[in-house]
2 protein chains.
Amino acid sequence: MEEKNQTGQHTRTSNTNCTRPIRCIVKMGGASITCKSELEKINEENLEKVSSQLKQAIMKSSTKLPGMDWSKRPGKPDISLNPDDFGDHSVTDSSRFIVVHGAGSFGHFQASNSGVHKGGLNKPLVKAGFVATRISVTSLNLEIVRALATEGIPSIGMSPFSCGWSTSERNLASADLSKVAKAIDAGFTPVLHGDAVFDEIKGCTILSGDVIISYLAAYLKPEYVVFLTDVLGVYDRPPTEPHAVLLQEIAVSEDGSWSVVKPKLQNTSNQVEITVAAHDTTGGMATKIAEAAAIAKLGIDVYIVKAATSHSLRALNGELRNNIPDDWLGTVIRFLR
Amino acid sequence: MEEKNQTGQHTRTSNTNCTRPIRCIVKMGGASITCKSELEKINEENLEKVSSQLKQAIMKSSTKLPGMDWSKRPGKPDISLNPDDFGDHSVTDSSRFIVVHGAGSFGHFQASNSGVHKGGLNKPLVKAGFVATRISVTSLNLEIVRALATEGIPSIGMSPFSCGWSTSERNLASADLSKVAKAIDAGFTPVLHGDAVFDEIKGCTILSGDVIISYLAAYLKPEYVVFLTDVLGVYDRPPTEPHAVLLQEIAVSEDGSWSVVKPKLQNTSNQVEITVAAHDTTGGMATKIAEAAAIAKLGIDVYIVKAATSHSLRALNGELRNNIPDDWLGTVIRFLR
């Protein structure tokens, strides 16, 4: 099956229908769950809080659930498993979520030192970098799957490379959503990630978590999308600058243009935000705004919010869908009907 | 595409052609690379030796190669990466290998305590066990990929679940070999493993490494298959019993029957070996003989050999293909033309 995706590229895909709609796609930003300044270091405290909030949103439970990671952990007590903890009745009221995470301090070192994103798999350094990048990002994926499973979320790691996702000139060329849909229908929470993949023209490249999110949103049409980041949301200038203003609501119109609805800015024009986006040298926030606007244009609310806060919990729970409370801090990006 | 596999089941598969033939499929038996008596413990010494032997067989090099695992390891010195180590010229003379590993002391605890192999994903305990089993086996897969990459082998983890492999009443129902073939064509060594997968009838089950090997062998037609185990080969009785005799050569005939060619046994009949096979309560050796005979019937030599020995090195290198030296210890299973 060949279709045109939202950016007009032809993409091979397969039957993507879930039996019931997806509630939410969550992006765990690399900066929110890893320590960006230290190579391959997870921000354990944040990851634990994010996992606990996801448990509340997905499993609809604020009490402790029996864990699903029964593996040994260095420095942790031995596994104690009591099968009776799980009960006999099927759990049917969990919410259908997909988690996609970035790489943060995993993968970047390996990718940038080898040039995997630029392609050229016949070069020994690029091939080695492809292997090293996948080892690093799949290590992080495993840790995130374990953190979610520890909270009682039936999480399943699904590496885009293994699932057959590939690109052509860095644009998504092939993505088999049927496996993701099947896992969701079976009651699991798939956990995808930015990955090194094959590229039809360049040989290989890096497929970012943000591109994966856009694609999943376009085809699986979740009720809402949440980007978990390490700042409160999108600002009118770098958030470390004095007088930086948090943009709380952005409206996207039919023609793709967008404007700040809240707060009322003195000097409001689209130019402002485009300049704003440029402050993020990693491309993280710039990509996020562009991708978020494209998702919002599909009629899907997008929340950009600081991970592991009361604000992220409300976003994940879907509490913001009809009404944004005055005390909620974050950025909502919506289609203006 | 629907085809009948060697055991007569209908299996959906996809384009499986590699551009060049596969040289060898290696099964790393769980018992040979993990400590079976201790939960989730890798036999580091054996894994290192096996990886080094595979490097010699795949990369055709007995000298140290630059490593491809650039991730941090607890207790290990920091990564030192020198891009110049990799040189500019393409490596074209590496051999095309596929590695499949068992679970050993990974996965069994999680699977047997939840009954994943029996199916019933709507039961909370089975669903949790599915998650826990995948965490355990993918942890082992990551460690094996890292061990191979450390030796300089461009290893790529490919989880059967993520690759879309599934069963029907525990028989393989769907297996996408095109991804494996594509990875091999790009110069990588795919590393697959026994995994928890979806079953069309039972909901879920365990797909064993041995079933994966049989399937790969039938469709990818390697020159030879090596089973790495923790004993020298197949014996006429439990190898711990006095006077146990190593069966060095077994011939499989057109009708599927098989007989011991070497050594000449006093009391030789097929009944003997079938009884012999029953000594292995884990089903490991029994399954191995049956699967090995089925592979041999396709005209593919099968070597069952003790891991991390001079005998396994000779088997992996393909030195036994025309002539079995008298001082080689192991079991070869061959089609009798």
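Highest contact tally toward chain A, considering only B/Pro160, B/Gly129, B/Cys204, B/Ala149, is held by B/Gly129 [criterion: heavy-atom pairs under 4.5 Å]. Looking only at heavy-atom pairs under 4.5 Å with chain B, the residue among A/Ser114, A/Gly67, A/Gly187 that has the most is A/Gly187. Considering only heavy-atom pairs separated by less than 4.5 Å from chain A, the leading option among B/Val180, B/Ile153, B/Val145, B/Ile156 is B/Ile156. Contact count against chain B (heavy-atom pairs under 4.5 Å) is highest for A/Pro83 among A/Gly203, A/Pro83, A/Gly152.
A/Asp199 places a side-chain N or O within donor-acceptor distance of the main-chain N or O of A/Arg170, the cut-off being under 3.5 Å. At least one donor-acceptor pair under 3.5 Å links the side chain of B/Asn82 to the backbone N or O of B/Asp84. A donor-acceptor pair is defined here as one N or O able to donate and one able to accept, closer than 3.5 Å; no such pair exists between the side chain of A/Lys202 and the backbone of A/Val116.
For B/Leu142, the part lying under 4.5 angstrom from a heavy atom of chain A is the side chain only. Contact of A/Thr133 with chain B is not made at all, since no heavy-atom distance falls under 4.5 Å. Residue B/Ser159 touches chain A through its backbone alone, counting heavy-atom pairs closer than 4.5 Å. In this structure, the portion of B/Phe188 lying under 4.5 Å from any heavy atom of chain A is its side chain and not its backbone. Looking at A/Leu121, the atoms closer than 4.5 Å to chain B (heavy atoms on both sides) all sit in the side chain, from C-beta outward. Only the side chain of A/Glu38 comes within contact range of chain B, with at least one heavy atom under 4.5 Å from a heavy atom of that chain. Proximity to chain A involves both the backbone and the side chain of B/Leu125, based on heavy atoms less than 4.5 angstrom apart. Heavy-atom distances place both the backbone and the side chain of B/Arg146 under 4.5 Å from chain A. With a threshold of 4.5 angstrom between heavy atoms, A/Phe109 approaches chain B through side-chain atoms but not through N, CA, C or O. Contact annotation for A/Leu81: only side-chain heavy atoms (C-beta onward) come within less than 4.5 Å of a heavy atom of chain B.
Of the charged side-chain nitrogens involved, at least one lies within less than 4.0 Å of a carboxylate oxygen, so that A/Glu143 and A/Arg73 count as a salt-bridged pair.
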Before giving the answer on salt bridge (charged side-chain N to carboxylate O under 4.0 Å, His left out), spell out for B/Arg20 and B/Asp185 the whole-Å C-alpha distance, their side-chain angles and the decisive distance to 0.1 Å.
-> CA-CA 8 Å; B/Arg20 284 192 298 135; B/Asp185 276 342; over 6 Å; no
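Taking every heavy atom of both residues into account, B/Ala128 and A/Phe86 meet most closely at CB-CE2, 3.3 Å. Nearest heavy-atom pair across A/Gly107 and A/Val137 is CA-CG1, 4.0 Å. Here the closest heavy-atom approach between residue A/Ser162 and residue B/Met158 is recorded as OG-CA, 4.1 Å.
Between B/Phe161 and B/Phe130, the two ring planes are perpendicular [angle over 60°; tilted spans 30° to 60°].
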